[in-house]
S.K.: 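Attaching a single structure in C-alpha cells format; questions to follow.
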Amino acid sequence: MKEFFLGRLTQDSLPHDWVTVGGTGTFIAMFLFAALILTRTKRWKWLWNDWLTSVDPKKIGIMYFLTAAFMLIRGGIDVILMWVQQALSSGSSHGILSADHYQQIFTAHGNIMVFFVAMGFIFGLINYIVPLQIGARDLASPLLNTLGFWLYIGGVVMVNMFFVLGGQYAATGWLAVAPLSGIAFSPGTGVDYWIWSLQISGIGTTLGAINFIMTILKMRAPGMTIWKMPLFTWGSLFSMLMAVAVFPLLTATLFLQFFDRYFGAHFFTALGGGDPMMYTNLIWMWGHPEVYILMLPAFGIFSEVVATFSRKPIASYTANVLGMAGVSALALSVWLHHFFTMGASADVNAFFGLITLVIAIPTAVLFFTWIATMHRGLIRFDTPMLWFLGFVTIFTIGGVSGLILAFPPADFQLHNSLFLVAHFHSNVIGGVLFGIFAGISYWFPKFTGFRLNERIGRNAFWCWIIGFCLSFVPMYILGIMGATRRLDHYDAQTGYQPFFILMLIGGLVIAVGVGLQIIQIVASIIQKGNLRDATGDPWNGRTLEWATASPPAFYNFTVIPHVITRDAFLDMKRLGLPEPHYEDITMPKNTAVGIYIAALAFLVGFAFVWHINWLAVVAMIGIIIVFVIRAFNEDSEYVVTAEEVKSIEEARIAATAAITKKSGAMSEQEDMSVREFVIYVYDFAIDIIRNKKWKSW
C-alpha cells in the first residue's frame, strides 16, 4: 500500500549531500523571505490579481525576465563550480567535486542556460515588444500565452526539484545521449527529471510559438503589410515558425525515451532491438535548429539597434529579411554535422558539411546590412550599440571556428574536444545572450519609464567581453591540445592547468559583470528621477512600440495606428501625431487556468518520475476537467469604455507632466558610478541600523 501511494519515494530520497542540502535550504529560505515580505506588506492579493493571473503580455514578459534572470544566476553558479573543479583537479588533486557530481552539474548547466535562460529572455522580449511593434492590443490567444508561461515555470520547478527529492540530476550531458540515458546506465531519477522538465516547458514553447505566429500574421495594424513589419518582428516570426516545426519532434523523442525507461520499451536500446543512433538523429534534428530559434530574434534586435543608433533606416530591408529567411531554412538542414564521427557515409558527411558552409552566406548578408547601415551614420555608442559591437567580435570568432568544424576531417579531430564547446559558447553567448542584453538595455525605458545607468552598463559590458576572452580563448587552445568535453580530472603533465586557471579567472570576471548588471538596475531605480523618460521615445525610435507611453497602458494603444511605411513611428513624428480619440476597448479577463493546468502538468511529471501512477492519472483527469470548464466559460472579456480610457489617459498625461517638472528641478548628478552606488547603499544600511528602522519594519 505504501508503494502504491508513494511509489519509489523513501527517506533516502531526501537531500543528503552538501550541494542538495544547501540548494534545498536556499530555495526554502528564498520562498520564506518572499512570503514574509508579501505578508508584511499585505500584497498577496495584489500579486495574484495583478500579476500571477494576468494575461497582459507585457506583465507575462516581465515575469519571463525575472525567472530567466534567476535561472541565469543558478546556471552561472554551476559553471563556476565546474571551472573551479577543472582548475584544481590536476594530478593527485581531485578538486571539489566527484566525477559523477561534475557530470550532473555539466548537464544541468546546459539545460538551464538553453531552455530556462535564453528561451525565457527571448519569449519575454517577444511577449512585450511584438504586440507593440505590430500595433496590436494583445496576442491572438491570451489564454495560450499565460498557459505557455506557466508551463515554462513548471519546467523551471522540475529542473530544480532534484534538490528537494532525489538528490541527483542526469549525468548524461545536456542532450542525455543514448544509451547513457537509458535505464540500464542511469537507473536513478535524474534522467526522469531531465525528461519532464524539458517536456513540460517544451509543450509550453510550442503553444507559445503557435500563438505568436497567429498574432503576427493576423493582428497587425491597418496598413502594416507583411513587408512593412519591423525586423525584430520578422526575426521572431522566423524563430517561432522553426519552433513549431521542431519542438513537436522534441516532444515525441522525449516520450519515446520515457517509454524506454518507464514501460521497458526498446526504441533506443540496442539489446532490445532499438537503435541509440536514432535517438542522436532525432534529438539533433531538434537541437541544432534550437540554436537558431534563439538566434533569429537576437538578429532582429541587432537590426533594430543598429538602425536606431546609426540614425538611418536599415541599409537593405529586403536583404535583411531574406538573410533571416535563409538562416532559418538552412538551419533545419544541418543537424547531422553534430555526429560526423558516428559512421555516416562520406557522401552524407560531405553534403551536410557543404550545407553548414552555405549557411554562412545568409548570415554574412545580415552582417553586411548592419555594416552598411553604420556606414556614414551618426552613430551613438550607447550601451545597446556596445552590445552589438561585442556581438560582432565574439560571434565572428564563433562563426570562423564553425567553418573549421564544418569540414568532416577537422571535425573528427575536434568534435569531442573543448574547441567545440568554445565554438558553441561563442555563438550562444556572443549571439543570443549579447542580443538579449542589447534588447533589454534598448527597451528598458519602455518597460519602466526610465533609462538604465549608462556608466555602470558600460563597465558590465567590458567585464563580459574581457571575461569571455579569458574563459573561452583558452578553451579553443585546450581543444587543439586534446582536452575533451566533460573533463573533470587530468594528468598534471598535460599542461592543461594554466589554461583552466585562466578560464576560472575569466568566469569570475563575467560574474563581476553580472553583479554590475544587477547594480545597474538597482542604481537606475535609485536615480530614476534623473533617468526618467517622459516622452516614451528616448532613442528617437522608428517603430510603433515607441509611439506608446512608457510603460504602456494595459491596452497598449488608445487608438490602433494606421501604418504608411516601414518606419511607422518615424513617419508619425514627421507628419504629426494624431489627435487623441477615445473609443470602447474590449480586453480579455485575467485567468488562473494557466496556473492550474501547469500545476497539474507538473504533478503528472512528478508522478512519473517517482512511479506514483494514481497521481499521474488524477492529474491528467484534472487537466481535462480544467480545459472543459474553461471551454464552456463565455465570460472571458470585458469592455473598457471610452470614458474610462479618457480618464486613464488624462491621469497619465498629468502624472507625466508632474514628473517632468520635478525631474527638471532636480540638481542631482546625471549618472552614478559603482563607487557612488556602494557608498549610497552603505549609508542607507547604516541609517537603518542606527535608527533601528528594521524593528519597525
S.K.: Applying side-chain contact (heavy atoms from CB on, under 4.5 Å) to T172 and S186, what does each step give before you reach the verdict?
M.R.: CA-CA 8 Å; T172 54; S186 299; 3.7 Å; yes

S.K.: CD of Q497: more than 12 outside heavy atoms within 6.0 angstrom?
M.R.: yes

S.K.: In terms of side-chain heavy atoms, does W194 have a donor or acceptor partner in T107 at a distance below 3.5 Å?
M.R.: no

S.K.: Going from CD1 on I80 to NE2 on H109, what distance comes out if it is rounded to the nearest 0.5 angstrom?
M.R.: 10.0 Å

S.K.: Measure from the ring center of F367 to the ring center of F391 and say whether it is less than 6.0 Å.
M.R.: yes

S.K.: Give the minimum heavy-atom separation between I200 and F602, together with the two atoms involved.
M.R.: CD1-CA, 3.9 Å

S.K.: Is the Y279 to F268 ring centre distance short of 6.0 Å?
M.R.: yes

S.K.: Between CG of L508 and CG of L504, what distance do you get to the nearest 0.5 Å?
M.R.: 4.5 Å

S.K.: Side chain of Q86, backbone of D488: donor and acceptor closer than 3.5 Å?
M.R.: no

S.K.: By side-chain contact (heavy atoms from CB on, under 4.5 Å), which residues pair with F340, not counting sequence neighbours?
M.R.: L336, H337, N349, F352, P408, D411

S.K.: Are side-chain heavy atoms of T484 and L487 found at a separation under 4.5 Å?
M.R.: yes

S.K.: Do the non-hydrogen side-chain atoms of S181 and Q257 ever get within less than 4.5 Å of each other?
M.R.: yes

S.K.: Do the ring centers of H611 and Y262 come within less than 6.0 Å of each other?
M.R.: yes

S.K.: Verify the ring-centre separation between W286 and F115: is it less than 6.0 angstrom?
M.R.: yes

S.K.: State whether a side-chain donor-acceptor pair under 3.5 Å links N281 with W335.
M.R.: yes

S.K.: Determine, using ring centers only, whether W464 and F461 are less than 6.0 Å apart.
M.R.: no

S.K.: Between L296 and S328, is a side-chain contact (heavy atoms from CB on, under 4.5 Å) present by the stated rule, with each step listed?
M.R.: CA-CA 8 Å; L296 283 161; S328 61; 3.7 Å; yes

S.K.: Please tell me if the side chains of F149 and F123 come closer than 4.5 Å, counting only heavy atoms from C-beta onward.
M.R.: no

S.K.: Decide if atom CZ of F407 counts as having more than 12 heavy atoms of other residues, nucleotides or ligands within a radius under 6.0 Å.
M.R.: no

S.K.: Do other residues, nucleotides or ligands put more than 12 heavy atoms under 6.0 Å from the CZ atom of F412?
M.R.: yes

S.K.: Could you tell me whether W196 and F258 have their ring centroids closer than 6.0 angstrom?
M.R.: yes

S.K.: Does T363 form a side-chain contact (heavy atoms from CB on, under 4.5 Å) with F395? I'd like the steps, not just the answer.
M.R.: CA-CA 11 Å; T363 309; F395 192 82; 3.9 Å; yes

S.K.: May I ask you to check whether Y292 and S239 show a side-chain donor-acceptor distance below 3.5 Å?
M.R.: no

S.K.: Using 0.5 Å steps for rounding, measure from the CD1 atom of I436 to the CD1 atom of I122.
M.R.: 4.5 Å

S.K.: Quick check, are the ring centers of F162 and Y193 under 6.0 angstrom apart?
M.R.: no

S.K.: Determine whether a donor-acceptor pair (N or O, by modelled atom type, separation under 3.5 Å) exists between the side chain of H288 and the backbone of W284.
M.R.: no

S.K.: As a quick check of understanding, evaluate side-chain contact (heavy atoms from CB on, under 4.5 Å) for F267 and L282, giving each step before the final call.
M.R.: CA-CA 12 Å; F267 292 102; L282 290 172; over 6 Å; no

S.K.: Taking atom CD1 of I216 and atom CG of L237, what is their separation to the nearest 0.5 Å?
M.R.: 5.0 Å

S.K.: Quick one: are the ring centres of F500 and Y490 less than 6.0 Å apart?
M.R.: yes

S.K.: With a sphere of 6.0 Å drawn around CZ of R485, does it hold more than 12 non-hydrogen atoms of other residues, nucleotides or ligands?
M.R.: yes

S.K.: Say whether, by atom type as modelled, one donor and one acceptor occur between the side chain of T24 and the main chain of F163 under 3.5 angstrom.
M.R.: yes

S.K.: Determine whether M503 and L470 make a side-chain contact, defined as any pair of heavy atoms from C-beta on separated by less than 4.5 Å.
M.R.: no

S.K.: Are N127 and F212 packed together at the side-chain level, in the sense that at least one heavy-atom pair is separated by less than 4.5 angstrom?
M.R.: yes

S.K.: Specify the closest pair of heavy atoms between V509 and C463, including all atoms of both residues, with the distance to one decimal.
M.R.: CG1-O, 3.3 Å

S.K.: Could you pull out the closest heavy-atom pair between F434 and G430, with the gap in Å?
M.R.: CB-O, 3.3 Å

S.K.: Do H266 and T269 come within less than 4.5 Å of each other through their side chains, counting heavy atoms only?
M.R.: yes

S.K.: Out of curiosity, Q413 CD to T341 OG1, how far, rounded to the nearest 0.5 Å?
M.R.: 11.0 Å

S.K.: With no hydrogens and no angle check, just 3.5 Å: does a side-chain donor-acceptor pair link S426 and H423?
M.R.: no

S.K.: Could you work out, with salt bridge (Lys or Arg N to Asp or Glu O under 4.0 Å) as the rule, every residue matching D192, not counting sequence neighbours?
M.R.: R261

S.K.: We want to know whether T189 and Q168 form a side-chain donor-acceptor pair, criterion being a heavy-atom distance below 3.5 angstrom.
M.R.: no

S.K.: Counting N and O atoms only, with roles assigned by atom type, does the side chain of S471 sit under 3.5 Å from a partner on the main chain of G507, one being a donor and the other an acceptor?
M.R.: yes

S.K.: Keeping T396 on the side-chain end and V392 on the backbone end, is there a donor-acceptor pair under 3.5 Å?
M.R.: yes

S.K.: Which pair of non-hydrogen atoms, one from A331 and one from M242, has the smallest distance, and what is that distance?
M.R.: CB-CE, 3.7 Å

S.K.: When Y64 is tested against each of F70, F121, Y152 for ring-ring contact (aromatic ring centres under 6.0 Å, His included), which residue passes?
M.R.: Y152

S.K.: Taking all atoms of both residues into account, what is the closest heavy-atom pair of S13 and R8, and its distance?
M.R.: OG-O, 3.9 Å

S.K.: May I have the step-by-step check of side-chain hydrogen bond (donor to acceptor under 3.5 Å, both in side chains) for N111 and Y169, ending in yes or no?
M.R.: CA-CA 11 Å; N111 294 148; Y169 192 63; 2.9 Å; yes

S.K.: Could you check if a side-chain atom of F116 sits within less than 4.5 angstrom of a side-chain atom of T67, using non-hydrogen atoms only?
M.R.: no

S.K.: Do F424 and I429 have side chains that approach each other closer than 4.5 Å (heavy atoms only, starting at C-beta)?
M.R.: no

S.K.: Indicate yes or no for a side-chain donor-acceptor contact from Q85 to the backbone of H94 under 3.5 Å, with no hydrogens or angles considered.
M.R.: yes

S.K.: Is there a donor-acceptor contact under 3.5 Å from the side chain of H425 to the main chain of F468?
M.R.: no

S.K.: Please check if the number of heavy atoms outside F368 that lie under 6.0 Å from its CZ is greater than 12.
M.R.: no

S.K.: To the closest 0.5 Å, what do you measure between OG1 (T280) and CG (D275)?
M.R.: 8.5 Å

S.K.: Nearest heavy-atom pair of L366 and N320: which atoms, and what distance?
M.R.: CD2-O, 3.3 Å

